[in-house]
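To start, the structure under review is shown below, and the notes come after it.
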Amino acid sequence: MNITLPDGSIRELEQGSTGLDLASSIGAGLAKAALAVTVNGIQKDLNDPINEDSKVSIITIDSDDGLEIMRHTLTAQVLARAVKNLFPGTKLAIGPTITDGFYYDFEFKKAISPEDLDSIEKEMKKIISSNSLITKKLNTKEEAIEIFKLEGEPYKESIINDSEQEDGFQLYYQDDFKFVDLCRGPHIPSLKHIGAFKLLKIAGAYWKGDSNNKMLTRIYGTAWKNEKDLSAYLDRIEEAEKRDHRKLGKEMNLFHFQEEAPGMVFWHPDGWTIYRLLESYMRSNLELCGYKEIKTPQVLDRKLWEASGHWDKYRENMFITEIDEEHANEKRVNALKPMNCPCHVQIYNQGLKSYRDLPLRLAEFGSCHRYEASGTMHGLMRVRGFTQDDGHIFCTEEQIESETGLFIELLSRIYKDLGFEKFDIKLSTRPEIRVGSDEVWDKAEDALESAIKNLGLPYKLEEGGGAFYGPKLDFVLTDAIGREWQCGTFQADFNLPERLDAEYVGEDGSKHRPVMIHRAILGSFERFIGVLIENYSGKLPFWLAPVQVAVATIISDADEYANEIITKLSEVGIRCNADLRNEKISYKVREHSSTKVPVIIALGKREQENRTVSIRRMDSDKTETYELEEAIKILSEENTRPN
RNA sequence: GCUCAUAUAGCUCAGUGGUAGAGCACUUGCUUGGUAAGUAAGAGGUCACCGGUUCAAGUCCGGUUAUGAGCUCCA
């Protein structure tokens with residue numbers, strides 16, 4: 001038979017030859033390095049026979065595929081076995097690879113602790129040092145179930161039972177046949193191919209990812225070709241931790257949280273400065289794009305939420321308030337608003353609207369509260385009290401497409417201004433819990449899909465991910481540590497206008513329902529500021545830095561000059577602080593550098609006498625010296641907000 | 001919400017059932033200096049909260065709250 005290699009060359013091998021035979025025929029080095037093969041696009045074990053003319057490529061540790069196969073063997077054959085050796089009676093669930101590593105889910109008889117990871121690692125190294133070969137046996141469903149029954153592995157049984165295939169279940173063994181794991185393979189041919197690894201953490205995870213199921217114990221690990229790659233990876237993690245917005249927020253004194261208000265931000269002066277700068281930037285952009293800003297109440301009667309559908313579909317996320325009857329003679333149930341949309345419809349509904357009023361774009365920096373499950377909160381990224389850069393566009397069905405285009409144009413520009421060049425779009429369709437008929441959902445989904453298609457933008461489909469009132473386009477940014485954050489959103493809603501009775505008079509003189517588009521660009525100020533901090537490692541662009549310039553004296557004789565500079569900088573709108581403390585300049589430089597002040601002006605005898613300033617910029621140890629007036633001009637020119 | 005872990009000075013963290021600790025920060029003195037930590041002294045604590053075991057609890061046990069990692073969820 002003929003085997004075609006990736007470079008197009010063809011080799012003739014006997015029928016039934018294996019990947020290993022092929023590798024050997026090419027070279028002894030390759031035979032040694034080969035981990036598995038890809039036969040006609042499907043990964044196979046190195047010892048699987050190849051029975052017909054095929055395109056074959058040999059996988060080594062140097063490819064992503066090879067790395068992944070090694071990680072897979074490490075978790076399924078080594079981690080799982082080590083755990084069973086040390087903790088007999090532990091039941092195995094599943095052990096896949098993930099980005100940069102792997103995990104395995106176990107049901108332990110007795111909970112283990114992170115300290116146990118060391119001993120598990122040692123046991124893994126012991127297993128690896130056997131240099132055992134990995135062999136595979138194929139079994140029918142019945143045989144496989146029988147084997148795992150004997151092994152006492154109910155999760156494996158359940159996986160096999162739920163599988164549609166009838167035979168060809170792959171069971172992998174090591175030399176001593178004392179350990180077996182079910183696996184769709186392939187595995188590396190021998191444990192000697194395992195590279196450098198480290199177990200990272202343990203955490204709970206539901207069986208099959210369903211919160212109704214039992215919570216298993218998951219062990220996470222990472223594995224690489226060699227020690228060098230491993231330590232590079234560990235450095236990368238450490239680097240990422242350094243830019244955690246919670247850590248930087250504390251160091252830069254931007255905000256804090258406390259027990260009495262979990263998930264709600266206490267903004268400190270510098271943090272609030274960033275917030276206000278971002279808000280005013282957004283405000284002017286929205287005004288330019290034809291939005292009218294409004295402000296609506298925080299606490300509203302349950303009746304409105306019943307009408308909007310929130311009471312039914314969203315109540316578990318709402319803060320409900322009751323008036324204390326002992327001290328007030330009114331009995332009323334209110335809710336803190338979790339969304340602004342019903343309020344916006346109330347404003348729309350004031351006064352009769354004509355088709356000439358559409359599209360009507362209402363914007364609100366809307367402060368919302370949502371009762372998020374306690375385990376989901378995460379710094380500024382996921383909070384219970386937050387402010388959306390919210391807006392609702394009331395328009396006709398025909399206007400959806402042009403509004404989508406205008407919105408994406410605005411969003412792209414704003415993301416770019418704020419330092420994000422790239423974003424992904426997701427189209428999320430009807431969820432299980434929803435209001436409105438299927439016909440209305442068909443219409444809304446079609447409208448969004450055709451708008452995004454006509455704009456020629458790539459998007460991913462996310463079935464069932466929509467809001468309860470309508471489908472949506474979500475705009476997802478990737479932050480500096482690779483996490484994705486859903487920020488912008490654009491949701492077509494045919495339901496709320498109906499439920500809250502919004503209408504307009506059409507050209508034909510009769511009444512029609514407008515479509516309502518819910519949209520946000522930043523999503524929430526809180527989350528977006530968190531993303532900004534991580535993206536910039538706290539080193540915000542000049543226009544967004546809460547303190548832009550620190551004026552630090554070297555000798556106390558320069559105090560007066562420092563105050564003069566502060567006054568002049570303030571006059572041109574630069575946010576600056578004087579640091580007149582009795583400290584050495586290097587101490588002051590260190591402190592202002594660690595709080596990420598972009599410009600430090602140091603004033604000594606020289607500057608004072610010549611009326612100059614020397615400027616030191618973030619991440620540079622050089623200084624630039626200018627005449628005072630020139631320096632102010634330069635800094636003032638730099639202090640320009642985008643747009 | 002679930003699993004596991006954590007909670008000690010403003011911050012970062014030690015602390016072995018028997019008198020509460022360090023570094024930094026803070027205050028005061030000395031020091032007036034040239035670009036990432038001058039120097040000395042002082043002050044600073046209901047060891048998250050509630051209960052239990054014990055002659056004795058920061059330490060052991062139970063509960064509560066918050067936080068962290070992950071899971072589930074995420075308008």
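Just the heavy atoms: all of them, side chains too, but no hydrogens, waters or symmetry mates, feed the values below. Model, not experiment: these values are computed from the prediction. Protein chains get the first letters and strands the later ones, always in sequence-line order, with residue 1 at the start of each.
- K622(A) comes within contact range of no nucleotide atom at all, as no heavy-atom separation falls under 4.0 Å.
- Stem list for RNA chain B (at least 3 consecutive Watson-Crick or G-U pairs, distances under 3.5 Å): B:1-7 with B:65-71, B:10-13 with B:21-24, B:26-30 with B:38-42, B:48-52 with B:60-64.
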Protein N or O to nucleotides 3-5 of chain B N or O, pairs below 3.5 Å:
unit_1: U3(B); atom_1: O2; unit_2: G204(A); atom_2: N; d: 3.4

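- Closest to the side chain of T376(A), out of U72(B), U12(B), C74(B), is U72(B).
- Listed nucleotides A36(B), G34(B), C73(B) differ in distance to R616(A); the shortest reach to its side chain belongs to A36(B).
- If you check distances only, the side chain of S614(A) does reach the base of U35(B) with a donor-acceptor pair under 3.5 Å.
- Applying the side chain to side chain contact (heavy atoms under 4.5 Å, CB included) rule to F87(A) yields the partners V83(A), T90(A), F108(A), I112(A), D116(A), I120(A); only residues at least two apart in sequence or on another chain are considered.
- Ranked by how close their nearest RNA chain B nucleotide is to the 5' end, S620(A) and Q491(A) are led by S620(A).
- Every side-chain hydrogen bond (donor to acceptor under 3.5 Å, both in side chains) that N253(A) has, sequence neighbours left out, goes to H268(A).
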Under 3.5 Å, sequence neighbours excluded: what are the donor-acceptor pairs made by side chains of residues 460-472 of chain A?
unit_1: Y469(A); atom_1: OH; unit_2: Q491(A); atom_2: OE1; d: 2.5
unit_1: K472(A); atom_1: NZ; unit_2: D474(A); atom_2: OD2; d: 3.2

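- For residues 467-475 of chain A, proximity to RNA chain B is found at A467(A), Y469(A), K472(A), defined as any non-hydrogen atom under 4.0 angstrom from a strand atom.
- Residue S586(A) is classed as a sugar-phosphate contact, given heavy-atom separations below 4.0 Å to backbone atoms only.
- Under a 4.0 Å N-O distance rule, the pair R611(A)/E627(A) does not qualify as a salt bridge.
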Nucleotides 22-29 of chain B: protein proximity per nucleotide (B base, S sugar-phosphate only, - neither; heavy atom, under 4.0 Å): ---SS---
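- Between the base of G1(B) and the side chain of Y206(A) there is a donor-acceptor pair shorter than 3.5 Å.
- Between E591(A) and R581(A) a salt bridge is recorded (basic side-chain N to carboxylate O distance below 4.0 Å).
- Evaluation of the salt bridge (Lys or Arg N to Asp or Glu O under 4.0 Å) rule for E560(A) yields no partner, not counting sequence neighbours.
- Comparing A36(B), G34(B), C71(B) by their nearest atom to the side chain of R606(A) picks out G34(B).
- Ranking A36(B), A69(B), U31(B) by closeness to the K201(A) side chain, first place goes to A69(B).
- Not a single salt bridge (Lys or Arg N to Asp or Glu O under 4.0 Å) links E526(A) to another residue, sequence neighbours left out.
- Rounded to a whole angstrom, the distance from the C1' atom of C2(B) to that of G44(B) is 40 Å.
- Residue contacts for Y103(A): at a heavy-atom cut-off of 4.0 Å it reaches no nucleic acid atom on any strand shown.
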Set out, line by line, the N/O atom pairs under 3.5 Å between protein and nucleotides 61-68 of chain B.
unit_1: U65(B); atom_1: O2'; unit_2: E259(A); atom_2: OE1; d: 3.1
unit_1: G68(B); atom_1: OP1; unit_2: R246(A); atom_2: NH1; d: 3.0
unit_1: G68(B); atom_1: O3'; unit_2: R246(A); atom_2: NH1; d: 3.4

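- Taking the C1' atom of each, A14(B) and A20(B) are spaced 12 Å apart, rounded to whole Å.
- The residues E583(A) and R590(A) are annotated as not salt-bridged, no charged nitrogen and carboxylate oxygen being separated by less than 4.0 angstrom.
- Under the 4.0 Å criterion applied to side-chain N and carboxylate O atoms, R519(A) and D390(A) are not assigned as salt-bridge partners.
- The separation of U3(B) from U59(B), taken at their P atoms, amounts to 24 Å, rounded to a whole angstrom.
- Ion pairing between a basic and an acidic side chain is recognised when a charged N comes within 4.0 Å of a carboxylate O; E239(A) and R243(A) show no such pairing.
- Residues from residues 555-566 of chain A lying near RNA chain B, meaning a heavy-atom separation below 4.0 Å, are I555(A), S556(A) in numerical order.
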Kindly list each side-chain donor-acceptor pair under 3.5 angstrom involving residues 545-559 of chain A, sequence neighbours excluded, with atom names and distances?
unit_1: Q548(A); atom_1: OE1; unit_2: R575(A); atom_2: N; d: 2.8
unit_1: Q548(A); atom_1: NE2; unit_2: F542(A); atom_2: O; d: 2.9
unit_1: Q548(A); atom_1: NE2; unit_2: N639(A); atom_2: OD1; d: 2.8
unit_1: T553(A); atom_1: OG1; unit_2: D579(A); atom_2: O; d: 3.3
unit_1: T553(A); atom_1: OG1; unit_2: K588(A); atom_2: NZ; d: 3.1

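- Checked by distance alone, N253(A) brings no side-chain donor or acceptor within 3.5 Å of a matching partner on the base of G10(B).
- A22(B) sits 32 Å from C55(B) when the C1' atoms are compared, rounded to a whole Å.
- Taking atom C1' in both G38(B) and C49(B), the straight-line distance is 43 Å, to the nearest Å.
- Ring planes of Y275(A) and W272(A): parallel class, angle under 30° (limits at 30 and 60°).
- By the 30° and 60° cut-offs, the orientation of the rings of H378(A) relative to H245(A) is tilted.
- To the nearest whole angstrom, the two P atoms, one in U6(B) and one in G15(B), are 12 Å apart.
- Within 3.5 Å, a donor on the side chain of E607(A) pairs with an acceptor on the base of G34(B), or the reverse.
- Judged by a 6.0 Å distance limit and a 45° cone about the ring axis, K91(A) is not positioned over the six-membered ring of Y155(A).
- In this structure, R384(A) is not positioned above the aromatic face of F319(A) in the sense of NZ or CZ being under 6.0 Å from the six-membered ring centre and within 45° of the axis.
- Note on D621(A) versus R616(A): no salt bridge recorded, every NZ/NE/NH1/NH2 to OD/OE distance being 4.0 Å or above.
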